[in-house]
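First comes the structure, then the notes that go with it.
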Amino acid sequence: MRIAVTGSIATDHLMTFPGRFADQLVADQLHTVSLSFLVDNLDVRRGGVGPNICFGMGQLGGSPILVGAAGYDFDEYRGWLDRHGVDTASVRISEVLHTARFVCTTDRDHNQIGSFYTGAMSEARLIELKAVADRVGGLDLVLIGADDPEAMLRHTEECKTRAIPFAADFSQQIARMDGDEIRTLLDGATYLFSNEYEKGLIESKTGWTDAEILGRVGHRVTTLGSRGVRIERVGDTPIEVGCPEETAKVDPTGVGDAFRAGFLTGLSWGVGLERAAQVGCMLATLVIETLGTQEYTLRRAHFMERFTKAYGEDAAAEVQSHLK
């Protein structure tokens, strides 16, 4: 399968302040606040839902096609993704804007002050999927992830017009979208991804019931946190897959992206929904045990040992032949 992943491309600049923000705030002077914090650490991480998902697919031996917009400062990030099996030739490079960036400072009480610069992400709306499909010889599935809202709508409409199967995965952008936009993004999707909270928000904003939404998509994939994932389809018994045992919970950031990477890769292998979900849960477990969304290493023998322990010999035998 030729799978394209559309979504934000960003870097995270994370800093640590050893004191407390509250100690620096003067209650009756908040209307003229002017503060600068001397921080101890700076951690620059590669991020964005598009690259996070593509990186995971590349780790599993896939060849995902990243579709999104980045700035003229993207060269180093592009090299990293290229080395890890990601096709970046369809990334639009802005001539005037930096790659999207999240800058955040965390104090010792884990309070945070952050800013998100959208930058080049706003140019994702200028990307035409036809050009991507023509370059790679057609697309079998497009995952439409959180990105510039206009880009998400354009990609969805183009998939519908050109009869390209697509997966709706608007996650963080649900908060800023209205009911009409969400209805457009999910109606006709082959897969609809969300977590439990987002599931309720989708139903609230669209005004559609759970059953009505399920009738408008091929499959509804709902991640359940530590309980794993549930996959539903009209007329079928729901499939529920649990998570492998974790060695530690280090950082939950990017766990959902890793699940999608494993699930999509499993689909490309043709192993079926349950096996694909198991691959996704195993990859997500590796990410939660690691600081950063793309800092884990997938070692084939280690992956299969833990996969076998979690899901059994039969499941492992079906997956092992595909894992490169």
Can you check whether [X] reaches [Y] side chain to side chain, under 4.5 Å on heavy atoms?
{"X": "L129", "Y": "C159", "value": "yes"}
{"X": "L192", "Y": "F170", "value": "yes"}
{"X": "W80", "Y": "V86", "value": "no"}
{"X": "E203", "Y": "D210", "value": "yes"}
{"X": "S268", "Y": "I3", "value": "yes"}
{"X": "F303", "Y": "M282", "value": "yes"}
{"X": "P149", "Y": "M177", "value": "yes"}
{"X": "Q294", "Y": "L81", "value": "yes"}

Legend entry - Under 3.5 Å: donor-acceptor pair, side chain of R83, backbone of G79: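 Yes; judged by distance alone, with no hydrogens or angles, the pair exists.
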Legend entry - Main-chain N/O of E245 paired to R306 side chain as donor or acceptor, under 3.5 Å: yes
Rounded at 0.5 Å granularity, tell me how far [atom1] in [X] sits from [atom2] in [Y].
{"X": "E313", "Y": "Q320", "atom1": "CD", "atom2": "CD", "value": "9.5 Å"}
{"X": "I144", "Y": "T6", "atom1": "CD1", "atom2": "OG1", "value": "5.5 Å"}
{"X": "R233", "Y": "I231", "atom1": "CZ", "atom2": "CD1", "value": "11.5 Å"}

Legend entry - Pair V142-E158, side chain to side chain contact (heavy atoms under 4.5 Å, CB included): steps then yes or no: CA-CA 11 Å; V142 176; E158 188 175 356; over 6 Å; no
[X]/[Y] ion pair, N-O < 4.0 Å:
{"X": "E181", "Y": "R176", "value": "no"}
{"X": "R216", "Y": "E212", "value": "no"}
{"X": "R227", "Y": "E196", "value": "yes"}
{"X": "D251", "Y": "R45", "value": "yes"}

Classify the ring geometry between [X] and [Y] as parallel (under 30°), tilted (30 to 60°) or perpendicular (over 60°).
{"X": "Y191", "Y": "F263", "value": "perpendicular"}
{"X": "F21", "Y": "F17", "value": "parallel"}
{"X": "F74", "Y": "Y77", "value": "tilted"}

Inset, instruction - Check the pair D257, R260 against salt bridge (charged side-chain N to carboxylate O under 4.0 Å, His left out), reporting the backbone distance first and the verdict last. - result: CA-CA 5 Å; D257 296 336; R260 287 151 174 77; 5.2 Å; no
Inset, instruction - Apply the test side chain to side chain contact (heavy atoms under 4.5 Å, CB included) to residues R78 and I93: give CA-CA distance (whole Å), side-chain angles for both, the deciding distance (0.1 Å), then the verdict. - result: CA-CA 11 Å; R78 182 196 294 276; I93 301 300; 3.4 Å; yes
[X], [Y]: one ILVMFWY side-chain cluster at the under-4.5 Å cut-off?
{"X": "F259", "Y": "Y197", "value": "no"}
{"X": "F193", "Y": "L141", "value": "yes"}
{"X": "M152", "Y": "L143", "value": "no"}
{"X": "I202", "Y": "L153", "value": "yes"}
{"X": "L185", "Y": "V5", "value": "no"}

Inset, instruction - Decide side chain to side chain contact (heavy atoms under 4.5 Å, CB included) for V279 and W269; before the verdict, give the C-alpha distance in whole Å, the side-chain angles of both, and the deciding distance to 0.1 Å. - result: CA-CA 11 Å; V279 175; W269 292 341; 4.0 Å; yes
Inset, instruction - Would you tell me whether E289 and T247 have side-chain atoms, one donor and one acceptor, within less than 3.5 Å of each other? - result: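 Note: E289 and T247 side chains meet the donor-acceptor criterion.
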Shortest non-hydrogen contact from [X] to [Y]?
{"X": "H84", "Y": "Q59", "result": "CD2-OE1, 3.7 Å"}
{"X": "A69", "Y": "I127", "result": "N-CD1, 4.2 Å"}
{"X": "V241", "Y": "A277", "result": "CG2-CB, 3.8 Å"}
{"X": "T253", "Y": "T293", "result": "O-CG2, 3.5 Å"}
{"X": "F116", "Y": "A100", "result": "CZ-CB, 3.9 Å"}
{"X": "C281", "Y": "T285", "result": "O-OG1, 2.8 Å"}

Inset, instruction - Go through R299 and E305 one step at a time and tell me if the salt bridge (charged side-chain N to carboxylate O under 4.0 Å, His left out) criterion holds. - result: CA-CA 10 Å; R299 301 189 304 276; E305 179 183 353; over 6 Å; no
Return yes when atom [atom1] of [X] has more than 12 non-hydrogen atoms of other residues, nucleotides or ligands closer than 6.0 Å, and no otherwise.
{"X": "R300", "atom1": "CZ", "value": "yes"}
{"X": "L38", "atom1": "CG", "value": "no"}
{"X": "K160", "atom1": "NZ", "value": "yes"}
{"X": "D314", "atom1": "CG", "value": "no"}

Inset, instruction - Could you please spell out the steps behind the salt bridge (charged side-chain N to carboxylate O under 4.0 Å, His left out) verdict for D73 and R101? - result: CA-CA 11 Å; D73 54 348; R101 186 168 302 167; 3.1 Å; yes
Inset, instruction - Just do the side chain to side chain contact (heavy atoms under 4.5 Å, CB included) check on L42 and V44 with the steps written out, would you? - result: CA-CA 6 Å; L42 169 63; V44 181; 4.1 Å; yes
Inset, instruction - Taking the six-membered ring for Trp and the single ring otherwise, decide whether the centroids of H98 and Y72 are under 6.0 Å apart. - result: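 Here the rings of Y72 and H98 have centres that are less than 6.0 Å from each other.
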